[in-house]
Chemist: 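The structure's right below; bear with me while I get my questions together.
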Amino acid sequence: MTDGGAAERLRRWRLVLGGDTADGTGHGLSGQDAAMDQTLSALYGRDDKGQAGRDRSAGLGASAPSVARWLGDVRTYFPASVVQVMQRDAIDRLGLSTLLLEPEMLEAVEADVHLVGTLLSLNKAMPETTRETARAVVRKVVDDLEKRLASRTRATLTGALDRSARVSRPRHHDIDWNRTIAANLKHYLPEHGTVVPERLVGYGRAARSVRKDVVLCIDQSGSMAASVVYASVFGAVLASMRSLTTRLVAFDTSVVDLTDQLDDPVDVLFGTQLGGGTDINRALAYCQARITRPADTVVVLISDLYEGGIRQEMLKRVAAMKASGVQFVALLALSDEGAPAYDREHAAALAALGAPAFACTPDLFPEVMAAAIEKRPLPIPDGA
């Protein structure tokens with residue numbers, strides 16, 4: 001290795017190890033490297049109890065101005081993806097949640113799904129001076145998510161709705177000629193240069209009206225924060241589709257119907273209250289009572305399945321809904337974080353009822369919904 005390569009390797013190890021007397025590199029830092037090291041030290045130069053380490057103990061202090069300055073430094077030296085991880089660590093390791101109630105702090109953070117979850121958990125304690133700033137932060141994240149997810153979701157579900165509405169005896173003006181020809185190519189008569197269709201493919205009058213009902217039933221206990229954010233965005237997207245009627249229900253030990261707010265996912269999010277217990281049975285009872293077309297209804301339960309209510313009643317409700325023709329989908333999470341901790345006994349019981357529970361990423365969710373609408377097997381990820 002060249003001298004330059006060796007020096008770069010020592011520099012990197014010095015930044016990783018932190019520069020206390022045991023790091024063993026003997027490498028000093030200056031300029032931007034020193035500033036970057038100080039920024040890292042403020043967050044990671046402490047033991048698990050939050051006590052300062054021997055030499056690496058700058059800390060963030062307990063005031064919003066000092067934290068805001070630190071956040072500015074983080075954004076100067078690191079890419080956005082790293083900034084988001086460091087913000088999350090700062091909130092968890094140093095107990096900075098209460099500082100998020102101050103407007104100048106919120107204006108300095110890098111907004112992401114996890115930050116939105118933290119803000120929602122603080123919603124009830126948030127002073128009026130902070131509320132508008134917090135809504136602006138949440139709005140930015142929601143708008144970004146809608147741009148990424150909305151068009152693909154609409155396209156995927158529109159195709160699924162069209163396929164599910166296809167009929168074999170359409171009226172003349174409802175015939176889908178492209179699909180009809182494709183379905184009858186084996187009946188092509190070369191001597192006449194034409195296809196003689198034995199089977200017509202088209203769309204019935206239902207294709208121009210509401211064809212499916214969707215119920216999103218979201219666990220708003222604290223561990224489900226990211227799922228609540230994504231589910232609210234998807235709920236708004238589904239509600240914008242005229243071929244669907246969409247209901248969104250959030251629950252902990254109580255149930256709140258947020259359907260009337262689905263035109264704005266930010267309103268939905270601020271209508272939730274993260275934290276508290278869980279009563280899945282009560283939430284499913286509320287949803288079940290509002291199903292009027294079971295054969296055309298998809299119920300999506302998003303929960304880690306830690307049930308504080310009546311377990312056997314919960315399972316009976318799921319069984320009854322499925323027996324009536326409802327397509328029931330159980331998601332342990334709707335996020336990019338993978339499978340959370342969840343109640344494995346309840347997950348196994350749902351699987352025995354024909355409703356396997358699995359974690360779902362936002363990118364996979366449109367495919368899951370399309371499969372449910374078409375009543376075909378769900379695209380469950382490998383290892384789920």
Side-chain angles (χ1 to χ4, degrees), residues 153-154 156-157 160-161 164 209-221 224 227-252 254-265 267-269 271-272 278-305 307 309 313-334 346 350 353-358 360 362 364-376 378:
T153 300
R154 292 192 185 99
T156 301
L157 296 192
L161 288 162
S164 68
S209 62
V210 172
R211 294 198 300 272
K212 294 290 181 179
D213 298 335
V214 175
V215 181
L216 299 179
C217 188
I218 311 169
D219 184 343
Q220 61 177 352
S221 58
M224 302 296 293
S227 297
V228 170
V229 176
Y230 282 113
S232 298
V233 172
F234 276 118
V237 173
L238 297 179
S240 71
M241 300 181 64
R242 288 183 295 178
S243 297
L244 298 173
T245 56
T246 303
R247 181 180 296 274
L248 189 146
V249 175
F251 69 93
D252 41 37
S254 59
V255 179
V256 57
D257 194 324
L258 298 170
T259 304
D260 290 343
Q261 301 175 43
L262 274 175
D263 59 333
D264 187 346
D267 287 341
V268 172
L269 288 170
T272 63
T278 309
D279 192 338
I280 302 173
N281 176 57
R282 185 174 184 179
L284 291 180
Y286 179 89
C287 296
Q288 185 180 25
R290 282 150 185 82
I291 295 173
T292 58
R293 304 189 308 149
D296 293 311
T297 299
V298 178
V299 173
V300 183
L301 172 65
I302 304 172
S303 174
D304 54 17
L305 302 180
E307 171 65 318
E313 287 299 312
M314 174 190 76
L315 296 175
K316 285 181 181 177
R317 290 192 191 283
V318 174
M321 281 190 276
K322 286 187 63 63
S324 69
V326 170
Q327 297 297 300
F328 190 90
V329 179
L331 302 181
L332 301 170
L334 177 56
H346 287 161
L350 287 176
L353 294 174
F358 57 97
C360 177
L364 180 63
F365 184 74
E367 299 295 337
V368 170
M369 289 301 300
I373 286 171
E374 295 183 66
K375 299 183 179 181
R376 55 183 171 82
L378 302 179

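Every heavy atom of this structure was used, including side-chain atoms; hydrogens, water molecules and symmetry mates were not. Keep in mind it's a predicted model, so treat the numbers as computed, not measured.
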Chemist: Quick one, Leu331 with Val300, criterion side chain to side chain contact (heavy atoms under 4.5 Å, CB included). Give me CA distance, side-chain angles, the key distance, then yes/no.
Modeler: CA-CA 7 Å; Leu331 302 181; Val300 183; 3.9 Å; yes
Chemist: Going by the rule side chain to side chain contact (heavy atoms under 4.5 Å, CB included), which residues pair with Asn281 if we only count those two or more places apart in sequence or in a different chain?
Modeler: Asp279, Glu307, Ile310, Glu313, Met314, Arg317
Chemist: Roughly how far, to the nearest 0.5 Å, is the CG atom of Leu157 from the OG atom of Ser243?
Modeler: 10.0 Å
Chemist: Is any side-chain heavy atom of Phe234 closer than 4.5 Å to one of Ile302?
Modeler: no
Chemist: A side-chain contact here means heavy atoms from C-beta on lying under 4.5 Å apart; do Val256 and Val249 qualify?
Modeler: no
Chemist: Side chain to side chain contact (heavy atoms under 4.5 Å, CB included) between Met369 and Thr156: does it pass, once the steps are laid out?
Modeler: CA-CA 9 Å; Met369 289 301 300; Thr156 301; over 6 Å; no
Chemist: Using the test ring-ring contact (aromatic ring centres under 6.0 Å, His included), find all partners of Tyr230 that sit at least two apart in sequence or belong to another chain.
Modeler: none
Chemist: Is the closest side-chain heavy-atom distance between Lys212 and Thr297 below 4.5 Å?
Modeler: no
Chemist: With heavy-atom distances below 4.5 Å as the criterion, would you say the side chains of Arg247 and Val214 are in contact?
Modeler: no
Chemist: Look only at the side chain of Ser227 and the backbone of Leu334, and say whether a donor-acceptor pair between them is shorter than 3.5 Å.
Modeler: yes
Chemist: With rounding to the nearest 0.5 Å, note down the distance linking NZ in Lys322 to CZ in Phe328.
Modeler: 8.5 Å
Chemist: Taking atom CG of Leu350 and atom CZ of Phe358, what is their separation to the nearest 0.5 Å?
Modeler: 12.0 Å
Chemist: So do the side chains of Asp219 and Leu301 get within less than 4.5 Å of each other, counting heavy atoms only?
Modeler: no
Chemist: Please report the interatomic distance CD(Gln288) to SG(Cys217), rounded to the nearest 0.5 Å.
Modeler: 11.5 Å
Chemist: Hey, is CG on Asp263 packed in by over 12 heavy atoms from elsewhere, all under 6.0 Å?
Modeler: yes
Chemist: Please name all residues satisfying side chain to side chain contact (heavy atoms under 4.5 Å, CB included) with Ser324, sequence neighbours left out, ordered by chain then number.
Modeler: Pro294, Val326
Chemist: Can you see which heavy atom on Gly235 is nearest to which on Leu216, and at what distance?
Modeler: CA-CD1, 3.7 Å
Chemist: Nearest 0.5 Å, please: how far is CZ in Arg242 from CG in Leu161?
Modeler: 12.5 Å
Chemist: Name all residues meeting the ring-ring contact (aromatic ring centres under 6.0 Å, His included) criterion together with Phe251; count only those two or more places apart in sequence or in a different chain, and write none if there are none.
Modeler: none
Chemist: Do Tyr286 and Arg290 pair up side chain to side chain, a donor and an acceptor below 3.5 Å, judged on atom types alone?
Modeler: yes
Chemist: Would you mind reporting whether Arg154 and Ser240 have side-chain heavy atoms less than 4.5 Å apart?
Modeler: yes
Chemist: Give, for atom CG of Leu248 and atom OG1 of Thr272, the distance between the pair rounded to the nearest 0.5 Å.
Modeler: 9.5 Å
Chemist: Side chain to side chain contact (heavy atoms under 4.5 Å, CB included), that's the test. Do Val229 and Leu269 meet it? Break it down for me.
Modeler: CA-CA 7 Å; Val229 176; Leu269 288 170; 4.3 Å; yes
Chemist: Passes side chain to side chain contact (heavy atoms under 4.5 Å, CB included), Thr153 versus Leu238? Steps please.
Modeler: CA-CA 8 Å; Thr153 300; Leu238 297 179; 4.3 Å; yes
Chemist: For the pair Arg211 and Asp296, find out whether any cationic side-chain nitrogen is under 4.0 Å from an anionic carboxylate oxygen.
Modeler: no
Chemist: Please report the closest heavy-atom contact between Cys287 and Val215, naming both atoms and the distance.
Modeler: SG-CG1, 3.7 Å
Chemist: Does a side-chain heavy-atom distance below 4.5 Å link Val298 with Asp213?
Modeler: no
Chemist: Among all residues two or more places apart in sequence or in another chain, which pass the side-chain hydrogen bond (donor to acceptor under 3.5 Å, both in side chains) test with Asp252?
Modeler: Gln220, Ser254
Chemist: Taking the side chain as C-beta and beyond, is there a heavy-atom pair between Leu332 and Leu305 under 4.5 Å?
Modeler: yes
Chemist: Show every salt bridge (Lys or Arg N to Asp or Glu O under 4.0 Å) that has at least one partner inside residues 364-374, sequence neighbours left out.
Modeler: Arg152-Glu367, Arg163-Glu374, Glu374-Arg376
